[in-house]
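Below is one structure, written out as C-alpha cells; comments come after it.
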Amino acid sequence: EDEMTATASQARPKRRIYGVLDNIRSAHNVGGIFRTADGVGVAHLYLCGITPTPAGNPDLAKTALGAEEIVPWSTHPNALVVAESLRGEGVTLLGLERHPESTPLQRFSLASLEGRAVGLIIGHERAGVDPGLLTMCDTVISLPMVGCKASLNVSVAFGVVAYWLTF
C-alpha cells in the first residue's frame, strides 16, 4: 500500500480536463465515469440532456463508490451551450466518436494540447455524440478497434482517453 500511495502522490496531471457527458442513458456508465474522473483528477463533469445525476440515484452511487461526492459536477439541459461556454474560456474541445473524419487516437499528437485545458465530449451509448457538438469540436478522435464490435462501452472509452490525456 505504501508503494501505491507513493506512486499516486507522484502522479501529476499534464493538463486540466473537463468531461462533457451528453445524453448518456445508463446510471452505471455515469457512475463509472465519475470513478475514472476522480482517478485522473477531472476538474468538472457536465451532465447534459438525459444524463443521470448523482442526486438520489443509488445505481450511479453504487458504481461511483463515493466519487460522485468528490468530483465537481453540474447538470445542464443542453450540451451545446456548455461546449460554447467552455470554448469561450479557451478550452480545447475533443470529441470521442467513431466517425468517418475522426482521427485515430494513436495518430493524434498530444503536443497540440500543450498547456491547454481539454473538454472531453462523449455521447449517447448508441447514437453517439450529437452532430452539432461534433462540429464544435477542435478535433474528433476515435479508438482503434480490432475485434468484431465497433466500439467500447462509453465509460471504458472515457477512461482510456481520460488517462491518455492526463498522464
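For this chain, numbers begin at 1 and follow the sequence in order.
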Honestly curious: do Ile33 and Phe167 fall in one hydrophobic cluster under the side-chain, below-4.5 Å linking rule?
yes

Taking atom types as modelled, is there a side-chain donor on Asp130 or Asn23 under 3.5 Å from an acceptor on the other?
no

To the nearest 0.5 Å, how far apart are OG1 in Thr139 and CD in Glu101?
12.5 Å

Side-chain touch Thr36/Ser155, heavy atoms, less than 4.5 angstrom:
no

With rounding to the nearest 0.5 angstrom, report the CZ to CG distance, Phe158 to Asn29.
12.0 Å

How many angstroms lie between CG in Leu165 and NZ in Lys14, if you round to the nearest 0.5 Å?
11.0 Å

In Å and rounded to the nearest 0.5 Å, what is the NE2 to CG distance from His28 to Asp59?
4.0 Å

Please work out whether the ring planes of Trp73 and Phe34 are parallel, tilted or perpendicular, with thresholds of 30° and 60°.
perpendicular

Pair Thr92, Arg116: side-chain N/O donor-acceptor within cut-off below 3.5 Å:
yes

Nearest 0.5 Å, what's the CG-CD distance between Leu143 and Gln106?
9.0 Å

What distance do His124 atom NE2 and Ile24 atom CD1 have between them, rounded to the nearest 0.5 Å?
8.0 Å

For Glu97, the option from Leu133, Ile141, Ile122, Leu134 that meets side chain to side chain contact (heavy atoms under 4.5 Å, CB included):
Leu134

Under a 4.5 Å cut-off applied to non-hydrogen side-chain atoms, are Arg25 and Ile50 in contact?
yes

In terms of hydrophobic clustering (I, L, V, M, F, W, Y; side-chain heavy atoms under 4.5 Å; direct or indirect links), are Ile121 and Val81 co-clustered?
no

Looking at every heavy atom in both Asp22 and Cys48, which two are closest together, and how far apart are they?
OD1-CB, 3.9 Å

Between Glu69 (side chain only) and Ala67 (backbone N and O only), is there a donor and an acceptor less than 3.5 Å apart?
no

Any side-chain heavy-atom pair from Val160 and Leu96 closer than 4.5 angstrom?
no

Treat each ILVMFWY residue as a node, draw an edge where side-chain heavy atoms are under 4.5 Å apart, and state whether Met145 and Tyr163 are in one component.
yes

Same apolar cluster: Leu65 and Leu45, side chain cutoff 4.5 Å:
no

